[in-house]
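Hydrogens, waters and symmetry mates are skipped; everything else that's a heavy atom, side chains included, is used. Chain letters run A, B, ... following the sequence lines, proteins first and then strands; every chain starts at 1.
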Amino acid sequence: MTTASVLPEGLFPVIPDPEGVDTPYWEGTRNEEIRIQRCCSCQRFQWAPEIICHHCLARELEFVPVRPTGTIYSYARVWHPVDPRLAPACPYMLVVVALDDVPEIRLLGNLVGDDSGCDFNAPVSAVFEHHDDYTLVQWRVDQ
Amino acid sequence: MARDIRGAAAVVGIGRSAFYKHGKSPDSEFSLALDAILGAAADVGIDARDIDGFVSYCDDRNTSLRVLAALGVHECRWSTMQWGGGGGGAAGAVQQAAAAVAAGYAQTVVVYRGLAQGQFGRFGQSGYGRPRGSNHWMTYGMLVPAHMFAPRVNRFFYETGVSPDTQRAVALTCYRHAQNNPDAVMYGRPLTKETYDSARWIVEPFRLYDCCQENDAAAALIVTTAERANDLSQPPAYVLAAAQGTGYRGGSAYEGIFDGPTYATTETGSLARRLFAQAGIEPSDIDVAQFYENFTGAVVMAMIDHGLCTAEEANEFITEDNLTLDGRLPINTSGGNLAEAYIHGLGLHLEGVRQIRGTAINQVKNARTALVTAGPFAPPSSSIIYCRERVSS
């Protein structure tokens, strides 16, 4: 189950957290769902996932699905292929996306498709990029 | 009454290796580090075997244990390293040395950093973080500091209205200063506005000349107490104040943290407030500054985070004329990381000390205070103010 990827396949594969902190996130993306960590005690979200809530220091945390939409908080177009294997993909776009459901949470991703509409606060929707062993969340600017 | 560490320690010796383009050093990294340490000891007339403390940062590979054994050091009393894999710890390392001698834990502490990026790879090519699973930045092609910092600088320009052209002023200033410095790697290679503007993009908003060099080089400083400094051969550069740290959620891309409220800053605002509070002076009292340029945009932001100008003033203040010798705030007077040599920012401290001594090639007249900052966006970052006059206790 693979789809066309922004960057060359297999370049830097996802390495699951050895502590398992992010396992529910990757299970979610496999099912085309974005699950963000939320504290069972104070009900506030946090990202990146951790083993403790940085708001209230409770240890019981869960992963909750959020809408796969957001806005571009920031971005950067990468031109120079630091690794020569990246050359066919350059330039590519790094985006930092604020989620519509939890604007204080920002996810890193790449922009898929036409990047001419890439701008601060531009609305984006998630595109699930399936690889053999994991699924990445990418983003496309809404038309 | 609480003991005041303000001005209690001083840099009394500075040393360095020869500077090479990356991969061009005929000697190993450890050999370069020894050149710097022995040079710093000789500069102040101290027997290197009497050094009793060792401090570094940035996960320096030249361990204190190897150094002290190689030098036949009589007794090591202090050995510490600042957290963080980037250049943010340069001033923090000097701060640790100052704290160690002021507290009496050691008397003669060397701060050093050696790197042969040809021998061991480099930040700009290899990345340097530990890719925890949830921190899948590498998978997205966020591989190196330029990638991690560019979105922060872009957001800063968007939020503040500061022009990306301010970056050009920083680059041209560094190269201009380097043209008077025969030791600078970019000596004899002046940079024009046209060359800067026509250079290729690395990652927007950074063109080629917005990015620091990568070098094989080493630097070292000897730190001792203010009392003892007065009996030594070199004019002391007193550590008026030092601060390190970061703000709330000021982790970094290396920890997968993108949600900090100060994302569009260098994360040095909070430490800069502590720095000036301890120093008891205002940003306008700074005579000369050495700003860590991993990227020029970071210098622009760090100037604002340190209160040297406001975002509203930046477009008028941050010009080549203002930043060059005889300007309103001369910066990076030896050429800095961009044009002298990139020693993860420790070379900037050597220049800060030379300015206080009055021996810099591009000497600011009557420089009494020198600000030196360390790796912006590479928390825990750090900054230091050196001064010429001894602080009365």
Nearest atoms (heavy-atom pairs only) where [X] meets [Y]:
X	Y	result
B:V203	A:A76	CG2-CB, 3.9 Å
A:A48	B:R249	N-NH2, 4.1 Å
B:Y140	A:V137	OH-O, 2.7 Å
A:S74	B:N154	OG-CB, 4.0 Å
A:E104	B:D259	O-CB, 3.4 Å
A:V96	B:P151	CG2-CB, 4.4 Å

Please look at [X] and chain B and tell me whether the side chain, the backbone, both or neither of the residue comes under 4.5 angstrom of a heavy atom of that chain.
X	value
A:N121	side chain
A:L136	both
A:L94	side chain

Pick from A:Y75, A:F12, A:F120, A:Y25 with the largest number of heavy-atom pairs that fall under 4.5 Å of chain B: A:F120

If you define the side chain from C-beta out and look only at heavy atoms, does anything of A:V78 sit under 4.5 Å from B:L143? no

Do the ring centers of A:Y73 and B:Y263 come within less than 6.0 Å of each other? yes

Could you check which of B:F206, B:Y158, B:F258, B:W201 has the highest count of heavy-atom pairs closer than 4.5 Å to chain A? B:Y158

If I take atom CE from residue B:M138 and atom CG from residue A:D83, how far apart are they, to the nearest 0.5 angstrom? 8.5 Å

Measuring from B:T139:OG1 to A:I15:CD1, what's the distance to the nearest 0.5 Å? 7.0 Å

Residue by residue, scan residues 31-46 of chain A and write down, ordered by number, those that have a heavy-atom distance under 4.5 Å to chain B; if none do, write 'none'. none

